[in-house]
Each structure stands twice: as structure tokens, then as C-alpha cells.
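The next block holds one structure in the form of C-alpha cells; read it before the comments.
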Number of protein chains: 2
Amino acid sequence: MVTLSDSIEDYIKKLLSLSSRLYVDIRRRELAQKFSCAPSQINYVLERRFSAERGYLIESRRGGRGYIRIYRINPLQKQAWKAVIDYLAGGDFEPDKALQFIKRCREENIITRREGRILQALLKDELYTALVSPEIKVRSLQKRIFKAAIEEILKGSY
Amino acid sequence: MVTLSDSIEDYIKKLLSLSSRLYVDIRRRELAQKFSCAPSQINYVLERRFSAERGYLIESRRGGRGYIRIYRINPLQKQAWKAVIDYLAGGDFEPDKALQFIKRCREENIITRREGRILQALLKDELYTALVSPEIKVRSLQKRIFKAAIEEILKGSY
DNA sequence: TGGATAAAGGTCAGTTAAGGTCAAATACCG
DNA sequence: CGGTATTTGACCTTAACTGACCTTTATCCA
């Protein structure tokens with residue numbers, strides 16, 4: 001089932017892969033027109049599919065000659081891994097961010113498809129509800145479990 | 001006597017047998033319309049007739065363009081995992097038992113080293129205690145989480 | 001030169017289109 | 001008759017998508 005968001009995502013990724021620089025510029029209006037959708041749809045896609053956790057950065061300018069620039073940030077180095085995980089695990093845990101991070105790990109082939117699926121499954125709220133409450137406890141547990149799982153992956157040898 | 005559930009079950013199985021992939025996607029609404037029944041009837045059939053024990057797995061997405069995906073577990077895999085699946089369909093849960101399964105799976109090379117480590121990590125009591133009690137709840141949670149992970153592995157291709 | 005205007009993009013609440021849950025009602029079977 | 005399986009309906013959650021309204025920037029012209 002391919003959604004509009006999927007198509008827009010694919011299109012932008014294609015642009016990125018064709019670009020010799022590490023970013024591409026788009027015009028929100030144009031893209032929206034190309035896909036016959038509301039301009040705000042583009043923001044939606046950027047937010048959901050091109051977040052920092054996924055390894056992208058967005059910058060933009062309004063007004064005449066405005067644009068949206070999408071950067072693909074460098075692949076994760078061993079060192080940077082720890083930082084991302086600490087960041088995700090610091091403060092309130094947001095499963096959605098963790099999920100995005102998983103997507104990125106997949107794209108960079110740091111984890112296998114199966115591992116990605118396992119990690120994703122561990123973040124589902126339904127696993128915890130009825131057994132754990134209030135919500136804050138659910139988050140803490142998810143955090144612990146996510147961290148534990150990812151650390152095992154980090155420990156290495158395939 | 002042939003019940004509605006029977007017909008729906010047959011229909012889905014037919015779809016699966018016609019599919020070249022190891023899953024089919026359905027739309028709950030559509031199916032319900034096709035069989036002139038309440039949408040929740042579909043969930044009922046899936047729950048009763050397409051459980052892991054019977055060799056199937058379900059996954060779904062809500063919202064616009066939502067879907068329900070039904071996997072048929074590859075018979076070979078099912079064979080290999082039968083003991084685990086049956087164990088998980090039963091009542092209580094002992095982490096030690098699960099650990100033994102993991103070990104066995106490693107020896108037979110049906111999971112990778114990394115997957116083995118992840119699964120093991122998920123069973124550690126320390127992850128749960130302090131956040132969950134009494135012990136019976138810890139066990140239930142461990143079971144759910146372990147089961148969720150196993151099911152993702154069962155979903156297939158590497 | 002600076003104020004009006006046009007041409008971008010941003011935000012956010014609300015709508016639509018899915019699927020999920022659970023308990024109550026009903027049907028079937030031994 | 002009692003218990004189990006089926007079926008339904010009311011209500012909930014979630015993801016995608018839209019539209020109205022807001023802000024920023026460039027540029028043009030008096």
C-alpha cells in the first residue's frame with residue numbers, strides 16, 4: 001500500500017541519490033503541484049520521513065526565492081552511535097524517535113531487516129498496556145528494553 | 001454447518017495460496033463488506049484461525065491507507081520453531097525455558113548470534129524489576145516481549 | 001529609501017480513512 | 001441446559017492529509 005507520503009519520500013530520496021552534493025533543494029509549491037497535494041503535505045513528509053533521527057537535516061528560507069534544503073547527514077560512525085543512543089535514552093523516551101533511528105540503521109545497513117523488525121516490535125505500546133501503567137512507566141520500560149536490545153547489537157560481530 | 005468465520009477463513013487461505021509472496025494484504029472494511037459483516041468479525045477470524053500455532057502471523061497499520069497483512073509461516077520454519085510456538089501458546093512462562101530454546105536455535109543456526117544475544121537480553125529480570133511487580137506481571141511481560149520478538153523472526157526472509 | 005506587495009515557506013487544528021478493543025447478544029452443540 | 005463459538009455494535013486510536021491563517025523575504029516603485 002503506497003501512500004502519497006511514500007511517493008514523495010521516494011522522490012526526494014531519488015533526488016538526493018542523484019545529487020553530487022550532500023543536499024538537494026526543493027520548492028514546496030512545485031513539489032506539491034507535482035504530486036497534486038496541499039503544500040503542507042510536504043512539511044508532513046519532511047517531518048515524518050526526514051527527521052534528524054533518520055539522518056536528515058532540513059533547512060529552509062521563506063519569502064521570494066524561498067526553498068527547502070534537505071541534507072543527508074554522514075553515515076554513523078562507531079563513535080557517534082553511542083551518542084545517538086544516549087540522546088534517545090536521555091530524558092523522556094519517545095518511541096517515535098527510536099523508531100526513526102531504527103529506520104536509519106536499516107538504511108545504513110547497520111542492522112538486518114529482521115533485527116529492525118524486532119526492535120520495532122519492542123516499541124509497540126500494546127505490548128505494555130494493561131500490564132504496566134501509568135504511561136511514564138511504559139516509557140521507562142520501553143527505554144530500558146530498547147537500550148538493552150540495541151546494546152547487544154552494538155557488542156558486535158554480526 | 002458452515003459459519004461466516006469458516007467462509008472468511010477459506011477466502012483468506014485461498015488468497016494466500018494464490019499469492020507468490022509469503023503474505024497477503026487485506027483491507028478490513030472491504031472484506032467485511034464482501035461478507036456483509038461487522039469489521040470486527042475479521043479480527044475475530046484472524047485471532048481464532050490465523051494464530052501462530054496454526055502457522056500464521058498478523059501485522060497491521062491503522063490510519064489512511066491502513067491494511068492488515070497475513071503471513072503464512074514457512075512450513076520448514078514452522079517445523080523448526082514448533083516447540084517454541086507451542087510453548088508460547090501455553091499458560092505460564094519461565095525465562096529459563098526460553099533461554100534453552102534460544103540456545104537450541106543458536107546451535108541449529110536458525111538465528112544469528114546477534115539475534116540470540118538480543119533475545120537473551122530481553123529475558124533479563126533486571127530490565128523489569130522496580131518498574132513492574134509482582135513477579136507474575138514480570139513473567140507476563142517477558143513472555144509478551146519474547147513472543148513479539150520471535151514472531152518478527154518468523155515473519156521471514158533473513 | 002522605505003513602504004506596499006507578491007512570493008515564498010510554517011503552523012496547527014481539524015477531517016478523513018483506516019484498523020483495534022471489548023462487552024453484550026446470539027447461535028450452536030453435546 | 002450449560003458452555004463455547006460466533007457475531008455485532010459502540011467507542012477508541014492512529015496515520016495521512018487539508019485548509020485557513022501566519023511569518024519571512026525580496027523586489028519594485030513612488
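Every chain is numbered from 1 and lettered A, B, ... according to where its sequence line falls, protein lines coming before strand lines.
In this structure, A/Glu9 pairs ionically with A/Arg54, as a charged nitrogen and a carboxylate oxygen lie closer than 4.0 Å. With respect to A/Glu94 and A/Lys97, a salt bridge is recorded, a charged nitrogen being found less than 4.0 Å from a carboxylate O.
Phosphate contact (OP1/OP2 of D/dA15, side-chain N/O of A/Thr3, threshold under 4.0 Å): absent. For A/Tyr44, a side-chain nitrogen or oxygen approaches OP1 or OP2 of D/dA16 to under 4.0 Å.
Between B/Gln41 atom CD and D/dA5 atom C1' the separation is 11 Å, expressed in whole Å. Atom P of nucleotide D/dC12 and atom CD of A/Glu126 are separated by 18 Å, given to the nearest angstrom. The separation between A/Asn43 atom CG and D/dG19 atom P is 15 Å, rounded to whole Å. For the pair A/Glu9 CD and D/dC17 P, the interatomic distance rounds to 12 Å; values are reported in whole Å. Separating the CZ atom of B/Arg28 from the P atom of D/dC12 is a distance of 15 Å, rounded to the nearest angstrom. Look at CD1 on A/Ile42: it is 13 Å from C1' on D/dT18, rounded to the nearest Å. Atoms CD1 (B/Ile8) and C1' (D/dT8) sit 12 Å apart, rounded to a whole Å. In this structure, B/Leu46 atom CG and D/dA5 atom P are separated by 17 Å, rounded to whole Å.
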Next on the checklist: Quick one, B/Ser40 with B/Asn43, criterion side-chain hydrogen bond (donor to acceptor under 3.5 Å, both in side chains). Give me CA distance, side-chain angles, the key distance, then yes/no.
Outcome noted: CA-CA 5 Å; B/Ser40 52; B/Asn43 299 79; 5.8 Å; no
Item to check | A/Leu18 and A/Val24: CA distance, side-chain angles, deciding distance, side-chain contact (heavy atoms from CB on, under 4.5 Å) verdict | outcome: CA-CA 9 Å; A/Leu18 291 174; A/Val24 284; over 6 Å; no
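When only modelled atom types and interatomic distance are considered, A/Ser7 and A/Asp10 share no side-chain donor-acceptor pair under 3.5 Å.
Taking all atoms of both residues into account, the shortest heavy-atom contact from B/Leu57 to B/Lys155 is CD1-CG, 3.7 Å.
Sequence neighbours left out, the pairs with a member in residues 135-144 of chain A that pass side-chain hydrogen bond (donor to acceptor under 3.5 Å, both in side chains) are A/Asp125-A/Arg139, A/Asp125-A/Gln142, A/Glu135-A/Arg139, A/Arg139-A/Gln142.
Enclosure of atom CZ in A/Arg65 is not indicated, since only 12 or fewer non-hydrogen atoms of other residues, nucleotides or ligands lie within 6.0 angstrom.
Separating the CZ atom in B/Arg106 from the CD atom in B/Gln120 is a distance of 10.0 Å, to the nearest 0.5 Å.
For B/Ala38, the side-chain atoms get nearest to D/dG9 when compared with the rest of D/dG9, D/dC17, D/dT6.
Chain B approaches DNA chain C over the interval C/dA17 to C/dC29, counting the first and last nucleotide 5' to 3' with an atom under 4.0 Å from its heavy atoms.
Relative to the ring axis of A/Tyr56, A/Arg72 places its NZ or CZ within 45° and under 6.0 Å from the centre.
Here B/Arg69 lies out of heavy-atom contact (under 4.0 Å) with every strand. Base engagement by B/Ser40 is indicated by at least one non-hydrogen atom pair under 4.0 Å involving a base atom.
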Next on the checklist: Strictly under 4.0 angstrom, non-hydrogen atoms only: write out the protein contact profile of nucleotides 23-30 of chain D, one letter per nucleotide from the 5' end, B, S or -.
Outcome noted: BBBSS---
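Of the two residues contacting DNA chain D, namely B/Val2 and A/Asp6, the nearest-nucleotide position lying further toward the 5' end is that of B/Val2. If B/Val45 and A/Leu4 are placed on DNA chain D by their nearest nucleotide, the residue sitting closer to the 5' end is B/Val45.
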